[in-house]
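Beneath this line is the structure, given in structure tokens, with notes to follow.
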Amino acid sequence: MPELPEVETTRQGLAPHLHGRQIAEVVLRRPDLRWPIPREIALQLPGERILAVQRRAKYLLLETAAGAAVVHLGMSGKLSVLPPSTPVRPHDHVDIRLLGRGGRVDAVLRFNDPRRFGCLLWQPLGTVHPLLQTLGPEPLSEAFNADYLFQRSRGRRAPVKTLLMDQRIVVGVGNIYATEALFAAGVSPARAAGRIGHVRYDRIAQEIQRILRKAIQRGGTTLRDFLAPDGVAGYFAQELSAYGRGGKPCQRCGRALRQTVIANRSTVWCVDCQR
DNA sequence: AGGTAAACCTGGACGC
DNA sequence: TGCGTCCAGGTTTACC
């Protein structure tokens with residue numbers, strides 16, 4: 001489900017409900033998601049306070065004095081803050097129960113993930129989980145710019161879309177936003193990354209940043225089922241120009257958008273406007 | 001090493 | 001209504 005804007009929307013929605021709260025208990029209804037949930041989640045979290053809710057790439061980190069719970073939503077994961085009495089539904093895999101002022105559990109952070117491509121991992125204080133060690137720069141940071149993309153793309157024959165979706169190159173950009181940024185930049189997603197010049201990478205970097213920022217403003221993209229923790233849908237979907245519009249007219253030139261598969265992912269672009 | 005395809009899993013949409 | 005097929009916002013893993 002989520003790319004950077006959806007994960008950031010989730011973070012912003014969760015933070016006010018979680019910040020400073022003490023964890024009473026962790027309920028694991030299913031011991032494994034994509035990977036087994038480590039014992040430390042149930043052993044270390046109870047009693048700790050959530051000091052911050054951070055995001056790195058598409059991972060969310062619930063930071064405590066002992067370490068951080070690391071959550072990835074995969075394709076279908078959702079986090080919600082709910083009253084503790086909320087009935088459990090299918091695929092509600094984990095509850096983190098939170099204490100209120102009266103010392104009683106008065107809210108629960110619930111992780112639901114039908115496809116179980118998501119994960120819940122433990123990162124001891126002062127360490128970086130191995131999955132986070134190979135990640136590239138944040139796309140909204142200074143480190144991500146035309147110089148960087150140009151340098152990392154040299155010698156690469158794979159399509160530029162594949163490069164942009166490689167989390168070792170830059171994090172947070174998935175199928176929707178790679179498709180949209182390349183449309184906006186006028187660059188064909190199929191073009192070999194190493195055969196694109198500095199000027200066009202400047203455009204690509206700027207469009208990625210512009211589109212991600214706007215999508216965050218809009219609360220992310222809701223295609224089927226993405227909801228922020230407060231249940232509100234993201235409304236960037238209405239601004240998509242290419243993703244999901246295969247066969248429909250290009251908004252710039254009117255010609256039908258082409259849809260193919262690049263690196264196993266469905267890809268839409270305009271053969272006239274993107275070169 | 002870089003590049004590609006399969007694998008993981010469930011549910012919804014669609015065609016017959 | 002039911003069944004088979006295809007598709008989906010991600011990422012690792014195995015293999016050329």
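Computation of the quantities below employed the complete heavy-atom set of this structure, encompassing side-chain atoms and omitting hydrogens, waters and symmetry-equivalent molecules. All chains are named by letter (A, B, ...) in the order of the sequence lines, taking the proteins before the strands, and each is independently numbered beginning at 1.
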Practice prompt. May I ask you to say whether A/D95 pairs ionically with A/R29, meaning some side-chain N is under 4.0 Å from a carboxylate O?
Written response: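 A/R29 and A/D95: salt-bridged.
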Item to complete: For the pair A/R30 and A/D32, find out whether any cationic side-chain nitrogen is under 4.0 Å from an anionic carboxylate oxygen.
Response: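 Yes, charged N to carboxylate O under 4.0 Å.
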Item to complete: Take atom P in B/dC9 and the same atom in C/dA14, then report the distance between them in whole Å.
Response: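 Their P atoms lie roughly 16 Å apart.
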Discussion item. Would you measure the distance from the P atom in B/dG3 across to the matching atom in C/dG9 and give it in whole Å?
Written reply: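 Pairwise P distance, B/dG3 against C/dG9, rounds to 22 Å.
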Please report, to 0.1 Å, the donor-acceptor pairs under 3.5 Å made by any side chain of residues 179-193 of chain A, with sequence neighbours excluded.
from	atom 1	to	atom 2	distance (Å)
A/T179	OG1	A/N175	O	2.7
A/E180	OE1	A/S241	N	2.7
A/E180	OE2	A/S241	N	3.3
A/E180	OE2	A/A242	N	2.8
A/E180	OE2	A/Y243	N	2.7
A/S188	OG	A/A190	N	3.1
A/R191	NE	A/R275	O	3.4

Donor-acceptor pairs under 3.5 angstrom involving side-chain atoms of residues 256-271 of chain A: please list them, not counting sequence neighbours.
from	atom 1	to	atom 2	distance (Å)
A/T267	OG1	A/K161	NZ	2.7
A/T267	OG1	A/R265	O	3.0

Fill in: Selection residues 122-135 of chain A - residue pairs positive for side-chain hydrogen bond (donor to acceptor under 3.5 Å, both in side chains), sequence neighbours left out
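Listed by first then second residue: nothing to list.
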Could you list all N or O pairs between the protein and nucleotides 13-16 of chain C that sit under 3.5 Å apart?
none

Between the protein and nucleotides 8-12 of chain B, list the N/O to N/O atom pairs that are separated by less than 3.5 angstrom.
from	atom 1	to	atom 2	distance (Å)
B/dC9	O4'	A/R115	O	3.4
B/dC9	O3'	A/R116	NH2	2.8
B/dC9	O2	A/R115	NE	2.8
B/dC9	N3	A/R115	NH2	3.3
B/dT10	OP1	A/R116	NH2	2.7
B/dT10	O3'	A/H91	NE2	3.3
B/dG11	OP1	A/H91	NE2	2.7

Worksheet item: When we call it a touch if two heavy atoms are under 4.0 Å apart, what does A/A263 touch: a base, just sugar-phosphate, or nothing?
Response: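 No contact.
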Worksheet item: Any chance the side chains of A/Q206 and A/D202 put a donor and an acceptor closer than 3.5 Å?
Response: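 The criterion, which ignores hydrogens and geometry beyond distance, is satisfied for A/D202 and A/Q206.
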Discussion item. What residues from residues 159-168 of chain A pass a heavy-atom cutoff of under 4.0 Å to DNA chain C?
Written reply: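 Result for residues 159-168 of chain A: A/Q167, sorted by number.
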Worksheet item: Residues in side-chain hydrogen bond (donor to acceptor under 3.5 Å, both in side chains) with A/Y59, at least two apart?
Response: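 Expected list: none.
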Discussion item. Please confirm whether the shortest side-chain N or O distance from A/Y177 to OP1 or OP2 of C/dG9 is below 4.0 Å.
Written reply: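 The answer is no; no side-chain N or O of A/Y177 sits under 4.0 Å from OP1 or OP2.
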Discussion item. Please tell me if A/R265 has a side-chain N or O lying less than 4.0 Å from either OP1 or OP2 of C/dG10.
Written reply: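 Looking at the OP1 and OP2 atoms of C/dG10, one of them is under 4.0 Å from a side-chain N or O of A/R265.
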Item to complete: Have a look at A/D92 and tell me which of A/V27, A/V108, A/N112 forms a side chain to side chain contact (heavy atoms under 4.5 Å, CB included) with it.
Response: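 Only match with A/D92 under side chain to side chain contact (heavy atoms under 4.5 Å, CB included): A/N112.
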Discussion item. With salt bridge (charged side-chain N to carboxylate O under 4.0 Å, His left out) as the rule and sequence neighbours excluded, what pairs involving residues 133-143 of chain A come up?
Written reply: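 Passing the test, one end in residues 133-143 of chain A: A/R55-A/E138, A/R56-A/E138.
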Worksheet entry | Aromatic ring pairing A/F150/A/Y201, orientation class (parallel under 30°, perpendicular over 60°, tilted between) |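 Because their plane-to-plane angle is over 60°, the rings of A/F150 and A/Y201 count as perpendicular.
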Identify every side-chain donor-acceptor pair in residues 79-90 of chain A under 3.5 Å, counting partners at least two apart or on other chains, and give the distances.
from	atom 1	to	atom 2	distance (Å)
A/T86	OG1	A/P83	O	2.6

Name the atoms and distances for all side-chain donor-acceptor pairs under 3.5 Å in residues 43-54 of chain A, with sequence neighbours left out.
from	atom 1	to	atom 2	distance (Å)
A/R49	NH1	A/G20	O	2.9

Worksheet entry | Nucleotide-level pairing of DNA chain C, given in dot-bracket where Watson-Crick and G-U pairs need both distances under 3.5 Å and | marks other strands | .|||||||.|||||||
Worksheet item: For the pair made of CG in A/N264 and P in B/dA5, what is the distance, rounded to whole Å?
Response: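 Result: 6 Å.
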Worksheet entry | Pairing residues for A/K248 by the side-chain contact (heavy atoms from CB on, under 4.5 Å) criterion, not counting sequence neighbours |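 Here the qualifying residues are A/R245.
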